[in-house]
Each structure stands twice: as C-alpha cells, then as structure tokens.
2 protein chains.
Amino acid sequence: MTSVLSEHRPGSTSGPRTSFSTRSPAADKLVRKLRDRHPLSAAEEVALNTLLAAKAGPISGRTVLLDRGMQPSGIHVLLDGWACRYTMLVDGRRRIVAFYLPGDVCDFDVFLLAGMDQTIAAITPARVAVVDAPMLAGLAIDHPPLTQALWWESLTAAAIQRAWTLNVGQRSAKQRIAHLLCELYLRMDRVGLVQDGSCALPLTQFHLGDACALTSIHTNRALQELRRDGLLSLEARRLTIHDWPALVDLAAFDPAYLQLSKEPGTSGDSAALG
Amino acid sequence: MTSVLSEHRPGSTSGPRTSFSTRSPAADKLVRKLRDRHPLSAAEEVALNTLLAAKAGPISGRTVLLDRGMQPSGIHVLLDGWACRYTMLVDGRRRIVAFYLPGDVCDFDVFLLAGMDQTIAAITPARVAVVDAPMLAGLAIDHPPLTQALWWESLTAAAIQRAWTLNVGQRSAKQRIAHLLCELYLRMDRVGLVQDGSCALPLTQFHLGDACALTSIHTNRALQELRRDGLLSLEARRLTIHDWPALVDLAAFDPAYLQLSKEPGTSGDSAALG
DNA sequence: CGACCGATTGAGGCATGTCAAAAACGGTGG
DNA sequence: CCACCGTTTTTGACATGCCTCAATCGGTCG
C-alpha cells in the first residue's frame with residue numbers, strides 16, 4: 001500500500017465515479033458524498049435531491065446566509081459555490097473557522113435553537129437550498145439511512161474542525177497554508193470538482209490568511225515559497241497541484257480525518273487505479 | 001473583586017439544580033447536561049443512567065482509552081475524572097484538541113468506522129463507561145428524545161471545537177489561557193462541579209500550553225499575569241475565579257457557544273441571581 | 001479614466017519560542 | 001522523620017517567526 005500513496009494523486013479517480021451520478025447534476029453533490037461512505041437506495045437519493053432542488057435558489061457573492069444572533073430559517077445546503085463561517089472581532093479582524101464547498105451542509109447547528117454565535121456568508125455566487133428543520137427531520141424519519149448518513153456528515157465536519165484547531169495551533173505559516181490547500185483539494189475531489197490535478201479555489205489571500213490565523217501579507221510570502229518549491233500553482237482562482245506527495249509531506253497532512261476511504265479494507269479506490 | 005463577584009458568578013446557581021438530581025450520583029452528570037437543554041422523561045433518564053452504570057469501570061490516570069488507528073470497542077462516556085484528545089507530532093510535541101470533563105462523551109466519532117486519527121487518554125484517575133454503539137443505538141431508537149439530546153450534545157462539542165480554533169488562532173497568550181479557563185469553569189458548572197467560585201482543574205501547565213498552542217514556559221508567564229491582575233488563582237489543582245466579569249472581558253469570552261441558556265430570552269439564570 | 005480591490009515588496013518591532021537551569025512540590029522508601 | 005527522586009513550576013537570556021506600517025503595482029469595473 002505504500003506505492004498507492006505516490007500513485008494516488010486525487011483527481012485521477014473522479015472520472016469513473018462521475019459517470020455514476022447523472023440524476024440531478026446540481027443538487028447531486030451532497031448525495032454523492034453521503035453515498036460514498038454509506039449506501040443509499042435510489043429512492044432515498046431521489047427524495048433528498050428532490051427536496052433540495054425544490055428549495056434551491058441563487059444568491060450572489062458575499063450574501064450573508066446566517067448572521068450572529070439571527071434566528072435561522074432552516075438548514076443551508078450549498079449546491080454550488082463557496083461559503084465560509086467567521087467571527088468578526090472587536091478590532092475589525094475576521095477569523096474564518098470553516099469553509100463550505102459545493103455539497104456541504106453549512107449549519108447543522110440549526111438544531112441548537114439558542115441562536116448562532118457566528119456568521120455564515122457566501123464567498124462566490126452560489127446556489128443554496130434552505131430546508132426547514134422539520135421537513136428534513138421528516139425525511140430522515142421516513143428514511144433512516146439518511147439520518148445516519150447526515151449524522152456521519154456532521155461528525156466529519158467536527159473532525160475537520162479538530163484538524164483546523166491543530167493546523168492553526170501547531171504548524172508554521174507555510175505548513176498551515178499547505179495543509180489547508182490539501183484539505184480543500186481533497187474535499188473538492190470528493191464532490192467531483194477536481195480535473196487534471198486542479199480545481200477552482202475562489203479564495204483571496206485574505207481568506208486564506210484569516211483561516212490560517214495569518215496576515216494576508218505573510219500568507220502571500222508563504223504561498224510564494226510553495227510556488228517556488230514547485231509544489232503548486234495558484235492563480236486566476238484556480239489551484240493546481242504539481243507535487244502531491246511532497247505537498248502532503250511538507251504539510252504533515254494525514255487525510256484520515258476526512259473519512260474518504262470507501263470501506264476499511266476493501267480499498268476500492270486503489271483497485272480502480274491499478 | 002467582591003460585589004460584582006456575587007452578582008454574576010456562575011456556580012452560585014448550582015445549589016438548586018443539584019437538589020434535583022439524586023438518582024445516580026456518579027453516572028448522573030451526562031443526564032444532567034442533556035436534560036438541561038432538552039426535557040427527558042424519568043424513564044429515559046433511568047434507562048441511560050442504568051446503561052452507563054452497568055458499563056462503568058475505574059481507570060487510572062494516563063490510561064489510553066483509544067489510540068490512533070485502533071478499532072474502538074465502543075463509545076466512552078466519562079463519569080468522573082478528566083481526559084483529553086491529542087495528536088503527537090513527529091518532533092515529539094503534543095497538541096491537545098479537546099478536554100473531556102465528567103459527563104462528557106469522548107468519541108462520538110466511533111460511528112465513523114474508519115478509525116481514529118487521534119488519541120484519547122485519561123488525565124486523572126477516572127470512571128468510564130464503554131458503551132458499544134449498537135446498544136446505544138438501540139436505546140436511542142427506543143427513546144427518540146435521547147437521540148435528539150445526544151445529537152445536540154455532539155453539536156455542542158462541535159461548537160466548542162470551533163471556539164478552540166478561534167481561540168488558538170486569534171488571541172494573545174494571556175487571552176487564550178483566560179478563555180480556556182472560562183470555558184472549563186462553565187463546563188464544570190454545568191455538571192454541578194463548581195462550589196463557591198472554584199472548581200477542580202487537574203491540568204498541568206503543559207496541558208494548558210498544549211491546548212492553547214503555547215509552550216509551558218509561556219503559559220506559566222501568562223498565568224502569573226492573570227494571578228497578578230487578581231482575576232483568578234490556580235493552585236493545588238484547583239481553579240478559583242476572583243473577578244469573573246473582568247476575566248470574561250479580558251478573554252473576549254462569549255459563552256453563547258456552550259449552549260448553556262435554558263431558553264433564549266427567558267434568562268432564568270440571571271433572574272435567579274438577582 | 002479614476003477608484004477600488006487584491007497581490008506584492010520592504011523595513012523594523014514584538015510576542016512567543018528555545019535553551020538552560022534552579023527551585024518547589026509530592027510521593028516513596030529507608 | 002529524613003533522604004531521595006521524578007514531576008511541575010518558575011526564572012533568565014537570547015533567537016526568530018510573524019505582525020505592523022507603509023508603499024507600489026496590477027487588474028477590473030463603473
């Protein structure tokens with residue numbers, strides 16, 4: 001399995017999987033993720049996709065989806081586009097604690113009625129489905145596997161949050177940026193948005209810095225080093241990985257927390273790769 | 001440090017609540033927390049407490065509950081004592097990403113079968129209930145309110161994790177320590193372990209430093225400042241808050257994320273205090 | 001064309017890390 | 001009761017990674 005690591009550049013596997021999902025091209029990404037770790041019946045997939053599609057609407061960039069103290073209208077599911085969750089500090093600094101990518105559920109905490117303590121806002125123009133909690137709960141009751149799949153999804157989000165805590169606290173600037181980019185790249189791959197070793201990355205250096213607890217200035221210098229090392233390029237809102245193993249090594253990136261593997265032991269991915 | 005203290009100090013409310021729970025003194029803390037935000041029937045409380053009590057066992061300090069890569073035997077619920085979740089880095093440094101207090105569920109991620117990416121270990125001698133997932137699932141199916149209560153509990157854990165990400169990334173050393181101590185103090189209060197403005201805090205300065213992304217040396221200096229300012233004292237494994245409002249102010253601590261308030265708007269706590 | 005936003009560069013300062021070592025503490029055995 | 005030992009806390013001197021402030025440059029859009 002050691003060789004798998006070097007061979008396995010994420011993105012190269014997305015071809016076969018993509019052909020599998022043609023039911024609903026836009027709303028499909030969440031289902032795709034869920035099914036990846038948890039089998040769903042066709043009926044369940046259709047039910048969820050239908051619900052999402054019915055509730056979907058376009059929003060422009062920088063739209064605030066959910067503000068501090070606001071009583072939420074429902075759970076926000078990103079169908080397309082990027083969003084983030086952040087806190088504004090008294091001195092005007094912004095700290096981003098999460099990025100949301102296509103197919104992500106932004107606010108499981110709607111179930112915590114006590115109100116948000118942070119803000120969620122779109123980064124790019126996006127399509128968002130706003131599902132009120134009772135409706136989703138109803139769907140979950142009708143389809144128990146969906147309940148479990150969504151529960152997993154929220155636990156994965158928690159695992160990502162732990163990884164961020166680690167990342168911000170432990171690593172050098174260069175490593176932090178590298179680690180974040182590794183994570184985003186794999187998460188984009190998981191929903192089929194990586195092609196030929198590159199994916200969209202609509203973040204400014206301010207976003208990256210606010211997420212890694214760095215100033216945009218220092219972020220800039222760290223990025224330059226990563227480029228100079230030949231590990232990646234990041235231009236025109238597009239990230240391209242040139243040397244995945246080296247990047248992973250530098251970042252001390254262990255993808256285990258993303259829960260990507262199909263099934264422990266089956267290693268379906270590497271088989272498909274061989 | 002006197003008048004303000006008596007008005008607003010958490011812990012002064014624990015008296016009345018404590019009288020409420022005498023069913024099972026040791027296993028009771030999780031139930032106490034759950035019921036605080038979510039009504040449970042007596043039958044449900046008894047069922048959960050009975051299950052926990054049946055599976056409970058003592059462990060000594062520094063016992064590893066769950067190790068990286070290990071297939072978990074079940075969900076660990078701390079009945080008494082402290083534990084933490086950490087990652088060891090290649091250079092020997094340790095990064096703590098979570099503390100677990102009496103009444104906490106350590107590893108909801110057992111449901112993520114792909115194996116742990118971190119280590120969970122006791123800090124003090126403790127009593128731990130190890131509940132295998134199917135059994136807990138069965139209990140949850142029989143008692144839907146328990147499902148929701150546990151789901152909330154895991155979402156609260158995720159909110160705490162976001163607060164840690166923020167804390168580590170944004171604040172000065174002094175503020176980080178202060179913020180962490182505020183959080184731990186309130187969490188101890190939530191399970192009735194605060195008396196007269198003080199609670200057990202069995203952490204070394206290494207623990208605090210590893211959790212705040214600081215060296216123990218710098219942690220020491222930050223703590224000295226907090227003591228010198230008259231905000232708190234921390235000695236003999238015991239934390240005493242002398243000036244809660246000032247500490248909260250210094251730390252920019254907003255307890256909203258802990259989801260403590262009974263019901264938004266009722267402010268039952270402060271009314272009881274006045 | 002002017003205004004604005006994002007990326008980039010440079011110089012200097014400060015908070016925190018690193019290294020080294022001495023106290024204080026707490027338990028254990030003689 | 002004391003001597004011993006490992007752990008934890010504390011102190012000091014020095015190094016450095018990242019922040020701050022200030023400015024330029026290049027796109028993009030009205």
Side-chain angles (χ1 to χ4, degrees), chain A residues 60-62 82 84 89 91-96 121 123-125 167-181 200-228 232-239 250, chain B residues 60-62 82 84 89 91-96 121-125 167-181 200-228 232-239 250-251:
Chain A
S60 57
R62 308 189 187 205
W82 286 51
C84 67
L89 303 173
D91 57 5
R93 290 183 302 175
R94 175 184 65 176
R95 183 86 314 153
I96 294 174
I123 292 173
T124 67
N167 193 39
V168 168
Q170 196 69 42
R171 288 181 257 261
S172 72
K174 193 172 165 184
Q175 285 180 304
R176 281 184 232 180
I177 301 285
H179 195 276
L180 176 60
L181 293 179
L201 200 130
L203 304 176
T204 66
Q205 293 178 4
F206 287 90
H207 287 122
L208 291 173
D210 288 347
C212 291
L214 297 168
T215 56
S216 67
I217 297 169
H218 210 72
T219 301
N220 181 291
R221 301 198 233 256
L223 269 177
Q224 284 179 51
E225 280 196 61
L226 291 173
R227 284 193 272 246
R228 200 176 311 131
L232 53 82
S233 52
L234 178 52
E235 50 200 4
R237 305 281 109 107
R238 189 149 198 93
L239 167 69
L250 169 71
Chain B
S60 57
R62 306 186 188 208
W82 287 51
C84 66
L89 303 172
D91 58 5
R93 288 183 303 174
R94 175 184 64 175
R95 181 87 314 153
I96 294 175
I123 293 174
T124 67
N167 194 39
V168 168
Q170 196 70 42
R171 286 181 257 261
S172 71
K174 195 172 164 185
Q175 285 179 305
R176 281 184 233 178
I177 301 286
H179 194 276
L180 176 61
L181 293 179
L201 200 130
L203 305 176
T204 66
Q205 294 178 5
F206 288 91
H207 287 122
L208 291 173
D210 287 348
C212 292
L214 297 168
T215 55
S216 68
I217 296 170
H218 210 70
T219 300
N220 180 289
R221 301 200 232 255
L223 269 177
Q224 284 179 51
E225 280 196 62
L226 291 173
R227 284 194 272 245
R228 201 176 311 131
L232 54 80
S233 51
L234 178 52
E235 50 199 4
R237 304 284 110 106
R238 190 147 197 96
L239 168 68
L250 168 72

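Every heavy atom of this structure was used, including side-chain atoms; hydrogens, water molecules and symmetry mates were not. The sequence lines fix the lettering, A, B, ..., with proteins before strands; numbering per chain opens at 1.
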Open item on the list: If I take atom CD1 in residue B:Ile123 and atom C1' in nucleotide D:dT7, what distance separates them, rounded to the nearest angstrom?
Closed with: 16 Å

Open item on the list: So for A:Arg221 and C:dG10, does any side-chain atom that can act as donor or acceptor lie under 3.5 Å from a complementary atom in the base?
Closed with: yes

Task: Nearest-Å distance for atom pair CG/P, residues B:Leu214 and D:dT9 - done: 14 Å

TODO: Quickly work out the A:Asp91 CG to D:dC19 P distance and round it to whole Å.
DONE: 13 Å

Open item on the list: Rounded to whole Å, please give me the gap between CZ in A:Arg94 and C1' in C:dC5.
Closed with: 13 Å

TODO: Mind calculating the distance between CZ (B:Arg176) and P (C:dA15) to the nearest angstrom?
DONE: 13 Å

Open item on the list: Rounding to an integer number of Å, can you tell me how far B:Leu234 CG sits from D:dT9 P?
Closed with: 8 Å

Task: Proximity to the side chain of A:Thr204 - top-ranked nucleotide from D:dC18, C:dT16, C:dG6 - done: C:dG6

Open item on the list: Is it the case that the side chain of A:Arg62 and the backbone of A:Ile123 share a donor-acceptor pair, with hydrogens and angles ignored and the cut-off at 3.5 Å?
Closed with: no

Open item on the list: Has A:Ser216 got a side-chain atom pairing as donor or acceptor with A:Gly209's backbone, closer than 3.5 angstrom?
Closed with: no

Open item on the list: Given D:dC19, C:dT16, D:dT9, identify the nucleotide with an atom nearest to the side chain of A:Thr215.
Closed with: D:dC19

Task: Euclidean distance, atom CD of residue A:Gln170 to atom P of D:dC18 [Å, nearest integer] - done: 13 Å

- [ ] Report yes if a side-chain nitrogen or oxygen of A:Gln224 is closer than 4.0 Å to either non-bridging phosphate oxygen (OP1 or OP2) of C:dT9; otherwise report no.
- [x] yes

Open item on the list: Taking any heavy-atom pair under 4.0 Å as a contact, classify A:Arg237: base, sugar-phosphate, or nothing.
Closed with: sugar-phosphate

TODO: Side chain of B:Asn220 only, please: which of C:dT16, D:dC19, D:dT9 is the nearest?
DONE: D:dT9

- [ ] Would you confirm whether A:Gln175, through its side chain, and A:Leu250, through its main-chain N or O, come within 3.5 Å as a donor-acceptor pair?
- [x] yes

Task: CG-CG distance between B:Leu234 and B:Leu208, expressed to the nearest 0.5 angstrom - done: 7.0 Å

- [ ] With rounding to the nearest 0.5 Å, note down the distance linking OG1 in B:Thr219 to CD in B:Gln205.
- [x] 7.0 Å

Open item on the list: Just verifying a value: how many Å separate B:Ile177 CD1 and B:His218 NE2, rounded to the nearest 0.5 Å?
Closed with: 9.0 Å

Open item on the list: Any base atoms under 4.0 Å from A:Ser216, or only sugar-phosphate, or nothing? Heavy atoms, all strands.
Closed with: nothing

TODO: Identify which nucleotide among D:dT10, C:dT18, C:dT8 has an atom closest to any side-chain atom of B:Gln205, counting heavy atoms from C-beta outward.
DONE: D:dT10

- [ ] Ignoring backbone atoms, test whether B:Arg227 places a side-chain nitrogen or oxygen under 4.0 Å from the OP1 or OP2 oxygen of D:dT10.
- [x] yes

- [ ] Assign B:Leu223 to base, sugar-phosphate, or nothing according to its heavy-atom contacts below 4.0 angstrom with the strands shown.
- [x] nothing

- [ ] Choose from D:dT9, C:dC5, C:dT18 the nucleotide whose nearest atom is closest to any side-chain atom of A:Arg62.
- [x] C:dC5

Open item on the list: Heavy atoms only, 4.0 Å cut-off, all strands: where does A:Ala213 land among base, sugar-phosphate and nothing?
Closed with: sugar-phosphate

Task: Shortest side-chain distance from B:Ile217, nucleotide among C:dC19, D:dC19, D:dT20 - done: C:dC19

TODO: Round to a whole Å and report the spacing from CZ of B:Arg228 to C1' of D:dT11.
DONE: 12 Å

